Structures are given as C-alpha cells and as structure tokens.
Amino acid sequence: MASTSSRTLERAVRRALQPISPFSSFASTSASAIPALSTPPPSTSSSARRVPATSQFHTSARNCSAWPAGVDAEDGMHATMSSSSESVEGGGMVGGSQERRSTRLQQSAPIDRTDAGNSKTRQQLEMPKSRPPKSIPHLMEMKRQGQPIACLTAYDYPSALSLRHADIDICLVGDSMANVALGHSSTQSLTLEATIHHCQAVYRGLFSPLLSISPNTPGAPLLLADVPFGTFQTSEEEGVKSAVRLLKEGGVDGVKIEGGAEILPLVRRLTKFGIPVMGHLGLQPQRVSSSAGYRLQGRTADEAYTILSEALALQEAGAFSIVLECIPNKICEVVSKALRIPTIGIGAGPKADGQILVTNDILGEITSPWHVVAGLAKAGVGEVPALQQPAPPGPKFVRNFVDEVLSGRVQPRSSSGEEDNFASPGPAAEGSAPVAASSGPTGIGAIRMAAIEAYVDAVRERSFPDAEREGYKIKSAELADFMKRAGPLLQG
Ligand SMILES: Nc1nc(=O)c2c([nH]1)NC[C@@H]1CN(c3ccc(C(=O)N[C@@H](CCC(=O)O)C(=O)O)cc3)CN21
Ligand SMILES: CC(C)C(=O)C(=O)O
C-alpha cells in the first residue's frame, strides 16, 4: 500500500518503473523496420513480444496488414500519409471491423496511385505487417486451449492506448462508465449517444494509425460496447437499431447485453444478422433497483440453476461469450464447463475462461465521493461527520494493480536496459527529431501502463483472481442441490 512518506513512495516508484520502457515493446529490434520515425530506439534489446500461441487462429478477413492511412490525423504522420476524406456512411465514424477498415482504406486512401497496377504496393514493400487483431475464432480457440482471456474496460483515448499496449484480448466500453467516468450513481442513466461518443474516443486509441509503425505492436483487441439501459427493452427493433448504431457510429465489433431469457429473441436476431453478442448474467447492474443493491448472485440452488440454463440458452441463441458477474466460484466453474463459448468472469473466481475488471478500479482511481471524504478524514482535515461509519469497501473481487507494481510484488513485464524512465525527458534540442521512438510516457502514464500489463500477465498466468480472497463461496447444501438439478442440463 502507498501509506508511505512521499520520499519512500518516490523511491518505490523509481524501483518499480526503472526497468520499464513502455514503448520498448513497440520498438523493433532493427531501426529500419520502423519506417517513418527517424530516431532509432536507444535500446535494441531483443524485446520481441510474446506472440500468443493461438495467433494463427485469426480469420484472414480481419488480418489487416495494410497501413491504415488517413484514418485520423496523428501528429506529423498525416502529412506523410494521404489526405483522405472522412466520409463514412452512418454518421462520420470510421468503420468497425478490420474488414471494413481495410475496405474503406482501399476506397478512400490509396497511398500512391502510381503503384496501383504493381503486384507489390509501396505498403507491402516498406511497411511492416502489424499483428493480427483478436477475433472471435481466436477467443474460441483460447478457450479450447485453456488460455485465459484478459479483458478490461476503456472509456477514453488514453486508456485505449494503454490497453492496446498491454495486449489485452477484449476491450469493453462498459456502462460502468456511467459510474466511474460520468459520476452517475447507476448505469441506468447512460445514454446511447454518450456510449457512442466514448466508443469513438476508444476506437481512436485502439486503432491509431501510428500504432502500425512497429510490427511488435500487439494485435488490437476485440472492441465491444454495452447496449445501454432503456435502448433495447422497448422492442426488438429498437435493440437492433441501438446495436447497429454502436457498430456503425461507435466502431465496435460487437455488443454486450445484460439479461437472460427476456433478451433471447434480440440475441437471435442480432447474431443472425452477423452482429456478435456477448451475454451478461449474474449481477446485472442495470437491474440494481430491483435486485436490492450490488449483491452476490446465484447463491441458492434455484438462482444458480437459472444462471446455468440462461447461459445455455444464450449460447444457443448465438452469443459468442458470456460475462458472469459476482457469482460463486463453483457455479462459474460448472457454467464454464457446460458452455462451448468462453465465459468472462468478474467476481466469479478463477475458473472462468477469461477475466474482466473495471480499469479505473485496478488503477485505484477515485471513483466515488467516499474516496474524497475518506481521504480528508485520513489527512485529519477537521471534522468529517459522515465517517463515523467507515466508507463502504469496494467489491472484494477488485485488485489494485498500481499497488502491486509500486510495492514490487509484481515484476514489470519487459526489461529493456538502464535508462531511467522515471526521469522526465528534457526539453527537445533544437533541430532534433520531433518524436523519439524511445520517449515513452512518464508519471501517471507509465504507472498506468505498468499496472495494466501486470493485470494482463496475472490473468494469463492465473495468479488473478485468488479463489479465496477475490472469489465467493456457496453453501455446500445449495451446491449439492444445484448439481443434482443441473445433471440433465450437463449431459447434453
Ligand atoms: N467502479 C465500479 N466497479 C465495478 O465493478 C462496477 C461499477 N463500478 N459499477 C457497476 C457495477 C457495480 N458493481 C459492483 C459494485 C459493488 C459490489 C460489491 O460491493 N459486492 C460485495 C458483495 C456483497 C455480497 O452480496 O456479499 C462484495 O463484497 O464484493 C459488487 C459489484 C460492479 N460494477
Ligand atoms: C465490468 C463489466 C463486465 C461491465 O459490465 C461494465 O463495465 O459495465
């Protein structure tokens, strides 16, 4: 914990960040592989990224090796790229899937027309292939191979960049954004417009053209968004319209929808039209008003049976994955084994096929006024009457990965040399290269990147979550009753 003097804290930060060069994994081993930037990386330690063993399972349609020219202006890059018109059908956002991205590229931004007839374009000759984006078949294969799927939320550009850097598998523009980014007390307040607006910011981070500069940039995650409360309940048509807007205007690959039996017709309809749907069972924050607060779900045999049967029904309806929130470890384990599609757990124990947390939570961000009040009380600033009772603790399934990094409990992912990355870069000398490939973030940015990497690594090596401390139990009598009733469902 960071309850140390600022001097000790600074030393801890230095120690934790010393070996990290957040961009070192982007810098290729040979400077010539970075086409546009003139300054070679100072450290040429072979820090080639671990390629997930399943990376061959991407669908070729999503394997966009083309330089996504003109998608967005990015610093000095734009001039060297083409000037593309941003005209896109459906409201001005760039297309969603890699397929659409590359189609759009061909339509609107040929880099050099004189190459048009050549078998090898300038792109193919000079540009490195970027790593393939994560696809649904890729995630299915991860489940089959028992490789945990690492997921996080993002609501803005800097977090999206950090997630891409950490090689996250799924990036969710979750409606928890209502709480942690917009200050609402419930996710019910979130609008479709706000969700789209934030999806666009996240998209610009995940798919920034400059990221293609290195062949070592991790493949882009699957980008999903929650369909907000109130934008799919009134009719199937409205649900389809909302999902289509998230894809066309928000640029997402698919949608997540909270709910069980009542959403099956919508899930069937969307998946039939090729819109990927992730389900969400267990604790459903959009229903918080009718479920007496944020509480553990599936703690009785009855409740657990409903979760299992709804999970199977969602799979049958075409869902490609299901989030299981705040349910006992054992129930998550049974459901995960019963499904072909991957389960993504949050407060559901270590046996889910993947894990997700709210990024702000793993960074220890201030996400509640309680954090301010508690901070004042701790600092001994006058009377703080509200704190006669302690601030409500956060959910037990959250782990603060900034604490993990700063305490030295986890090791930074990449060691790249002796530079002290905590030192801020001095003012650029006149005439020096505008962007040095070596200048990674410092301060909060570096800590954020290190913490997100630590989370991804912990999920991949199964050191997160801890079954005991970060999971929930079910009474053995309820479990036995559940298993008896679940028997017939588990046969098929
Ligand atoms: N910052 C943040 N993180 C989240 O995970 C999150 C949000 N916001 N907003 C929307 C929902 C609400 N969530 C929550 C919030 C609190 C608990 C919680 O305090 N759970 C108790 C369980 C108590 C019980 O029933 O036994 C816990 O001790 O973990 C769980 C999920 C998850 N989602
Ligand atoms: C945490 C995930 C599962 C979520 O639903 C959200 O961010 O809203």
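Values below: every heavy atom of this structure, side chains too, minus hydrogens, waters and symmetry copies. Here, residue 1 is the first one in the sequence, and each next residue gets the next number. When a ligand or atom number is given, it counts from 1 through the structure's own listing order. From a predicted model like this one, the values you see are computed outputs, not experimental measurements.
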Would you say Val180 contacts ligand 1, with heavy atoms under 4.0 Å as the rule?
yes
Is it true that the side chains of Thr153 and Tyr155 contain a donor and an acceptor less than 3.5 Å apart?
yes
Among Gln284, His280, Gln297, exactly one meets side chain to side chain donor-acceptor pair (under 3.5 Å) together with Glu325. Which residue is that?
His280
Output yes when Asp466 and Arg399 qualify as a salt bridge under the 4.0 Å nitrogen-oxygen rule, no when they do not.
no
re atom 16 (C) of ligand 1, the protein heavy-atom contact at minimum distance is Tyr294 CB, 3.5 Å
Pick one of side chain, backbone, both or neither for how Leu283 approaches ligand 1, counting any non-hydrogen atom pair under 4.0 Å.
side chain
Does a donor on one side chain and an acceptor on the other come within less than 3.5 Å for Thr367 and Asn360?
no
Assess whether atom NZ of Lys256 is packed by more than 12 heavy atoms of other residues, nucleotides or ligands within 6.0 Å.
yes
In terms of heavy-atom contacts, does NE2 of His371 have more than 12 from other residues, nucleotides or ligands at under 6.0 Å?
yes
Hey, mind stepping through Ile322 and Leu339 against side-chain contact (heavy atoms from CB on, under 4.5 Å) and telling me if it holds?
CA-CA 10 Å; Ile322 301 177; Leu339 296 179; 4.0 Å; yes
Indicate yes or no: does Lys473 engage Glu468 in a salt bridge with an N to O separation below 4.0 Å.
yes
Going by the order shown, which atoms of ligand 1 are within less than 4.0 Å of some heavy atom of Arg295?
25 (O)
Nitrogen or oxygen atoms of Tyr472 and ligand 1 under 3.5 Å apart:
yes
Find all protein N or O atoms under 3.5 angstrom from an N or O atom of ligand 2 and list the pairs with distances, or write 'none'.
residue	atom	partner	partner atom	Å
ligand 2	5 (O)	Lys256	NZ	2.8
ligand 2	7 (O)	Ser176	OG	2.5
ligand 2	8 (O)	Asp175	N	3.1
ligand 2	8 (O)	Asp175	OD1	2.9
ligand 2	8 (O)	Ser176	N	2.9
ligand 2	8 (O)	Ser176	OG	3.4
ligand 2	8 (O)	Asp226	OD2	3.3

Within a distance under 4.0 Å of any heavy atom of Glu325, pick out the atoms of ligand 1 and give their elements.
13 (N), 32 (C), 33 (N)
Under 3.5 Å: N/O of Asp361 near N/O of ligand 1
yes
Numbered atoms and elements of ligand 1 in range of Asn179, under 4.0 angstrom, heavy atoms:
9 (N), 10 (C)
Does the pair Phe320 and Met140 meet the rule for a side-chain contact (heavy atoms from CB on, under 4.5 Å), with working shown?
CA-CA 8 Å; Phe320 75 91; Met140 296 290 179; 4.1 Å; yes
Salt bridge or not between Glu478 and Lys475? Use side-chain N to carboxylate O under 4.0 Å.
no
Does atom NZ of Lys351 have more than 12 heavy-atom neighbours from other groups under 6.0 Å away?
no
Flag if over 12 foreign heavy atoms under 6.0 Å of NZ, Lys241:
no
Within ligand 1, which atoms have a heavy atom of Phe397 less than 4.0 Å away?
5 (O), 30 (C), 31 (C)
Counting from 1 in the order shown, the ligand 1 atoms closer than 4.0 Å to a non-hydrogen atom of Leu296 are 24 (C), 25 (O)
Ring centroid separation for Phe482 and Tyr305, is it under 6.0 angstrom?
no
Residue-level breakdown please: for Pro285 versus ligand 1, do any non-hydrogen atoms fall below 4.0 Å on the side chain, on the backbone, on both, or on neither?
side chain
Thr187 N/O to ligand 1 N/O under 3.5 Å:
no
Which residue holds the protein heavy atom closest to atom 19 (O) of ligand 1, what is that atom called, and what is the gap in Å?
Pro395 CA, 3.8 Å
Show which atoms of ligand 1 fall inside a sub-4.0 Å distance from at least one heavy-atom site of Val358.
3 (N), 4 (C), 5 (O)
